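Note that the numbering runs from 1 along the sequence shown for the chain. All values derive from a computational prediction rather than experimental measurement.
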Amino acid sequence: MLSRLVLVSGHTLKNSGSFGACMVQASRTFHQSSQSLAPVPPLPEKGGKVRHGIFPEELFTLLYPKTGVTGPYMLGTGLLLYMLSKEIYVINHETFAAASIGAVVIYGIKKFGPSVAAFADKINEDKVAKAQEVKDQAMASLAQGIEDEKKEQWRVEGRHMLFDAKRNNVAMLLETNYRERLHMVTNEVKKRLDYQVELQNLHRRMEQEHMVNWVEQSVVKSITPQQEKESIAKCIADLKVLAKNTQARATV
């Protein structure tokens, strides 16, 4: 009965032009809507409150101001009785099968629902933990990249000072090399000048010695043997006189 009702309703909606137009308009609206840059709100972790497993709480709160507390229950009961009285819904073997299947489903939900929900929550928590770990790693990597970029920018800013220091070092090295070479040239020139001075002094000394030797040789050559004897005798006489004078002074 339920399957026939669903098929008839679907065939009726399919043949109606308004439903197709609505679907086309909805698809066009869905595909042609402008993208919103607003942040997407997070999905709720738990669903809204329901009553009897399938009826949302909002339905009851909507009917409370007009029908009171028993209004939703009376509406559901009246709707069910109307469908049964008008034979919109006929109770047959499919109804008992659906009731049996519903009872089994409800029993399974009540019996195994908490453990399955805990298992699903555990899987969800593991997925969230892995996603959070990946997010933390990505954030740490991005933060490290930002720090590295800031450090590189700081190094680029200090590059001018580094280049100035290198230029100063190169200038100091060039000045040092220039001073060393200038000192080396000065020492070499001084050595050569000292060599020239010593050479001139040597020439002068040799000339003096040569002049002295020449004079001595000339004087020696100019003395005759007779003059030599006379000078020797004169020297001996002078020595005797000196000896006598020395003795006289000693006796006095």
Side-chain angles (χ1 to χ4, degrees), residues 1-139 142:
M1 183 65 187
L2 287 174
S3 60
R4 289 198 299 271
L5 179 61
V6 171
L7 290 174
V8 170
S9 301
H11 183 71
T12 304
L13 291 174
K14 183 177 179 181
N15 292 331
S16 63
S18 60
F19 179 76
C22 293
M23 290 297 294
V24 171
Q25 184 66 27
S27 63
R28 289 179 179 177
T29 304
F30 178 77
H31 290 289
Q32 295 179 0
S33 60
S34 60
Q35 294 182 357
S36 177
L37 299 178
V40 179
L43 295 176
E45 295 183 0
K46 296 181 180 180
K49 294 182 180 180
V50 294
R51 292 189 184 183
H52 308 291
I54 58 174
F55 300 105
E57 182 68 24
E58 288 79 3
L59 178 62
F60 294 89
T61 57
L62 178 65
L63 297 177
Y64 278 169
K66 294 183 178 181
T67 61
V69 177
T70 59
Y73 301 100
M74 295 303 297
L75 176 62
T77 304
L79 182 62
L80 179 61
L81 293 176
Y82 173 76
M83 293 175 66
L84 292 174
S85 65
K86 297 297 183 178
E87 293 185 357
I88 298 174
Y89 180 78
V90 179
I91 298 175
N92 54 9
H93 62 281
E94 293 182 355
T95 303
F96 296 105
S100 301
I101 295 172
V104 172
V105 170
I106 293 172
Y107 175 78
I109 292 174
K110 295 293 184 180
K111 181 68 175 178
F112 305 104
S115 59
V116 173
F119 178 73
D121 291 338
K122 184 176 182 304
I123 294 176
N124 190 21
E125 290 176 357
D126 293 339
K127 291 181 180 180
V128 172
K130 290 181 181 180
Q132 186 66 30
E133 183 180 0
V134 173
K135 178 182 176 182
D136 294 338
Q137 292 178 357
M139 292 293 291
L142 293 175

Kindly assign one of parallel, tilted or perpendicular to the pair Tyr73 and Phe60, based on the angle between their ring planes and the thresholds 30° and 60°. tilted
For Gly68 and Pro72, work out which heavy atoms get closest and say how close. O-CD, 3.7 Å
CG/Asp136 to CE/Met139 distance, rounded to the nearest 0.5 angstrom? 8.0 Å
Can you tell me if Tyr82 has over 12 outside heavy atoms packed within less than 6.0 Å of its OH? no
So Leu75 and Thr67, do their side chains get closer than 4.5 Å, heavy atoms only? no
Side-chain donor/acceptor of Thr61 to backbone N/O of Glu58, under 3.5 Å: yes
Trace of the salt bridge (Lys or Arg N to Asp or Glu O under 4.0 Å) decision for Lys122 with Asp126: CA-CA 6 Å; Lys122 184 176 182 304; Asp126 293 339; 3.4 Å; yes
CD1 on Ile91 to CE on Met83, rounded to 0.5 Å: 10.5 Å
On a heavy-atom basis, the closest approach of Leu84 and Tyr89 is CD2-O, 3.4 Å
Spacing of CD1 belonging to Ile106 relative to NZ belonging to Lys110, to within rounding of 0.5 Å: 8.0 Å
When rounded to the nearest 0.5 angstrom, what is the spacing between CD in Gln137 and CD in Gln132? 11.0 Å
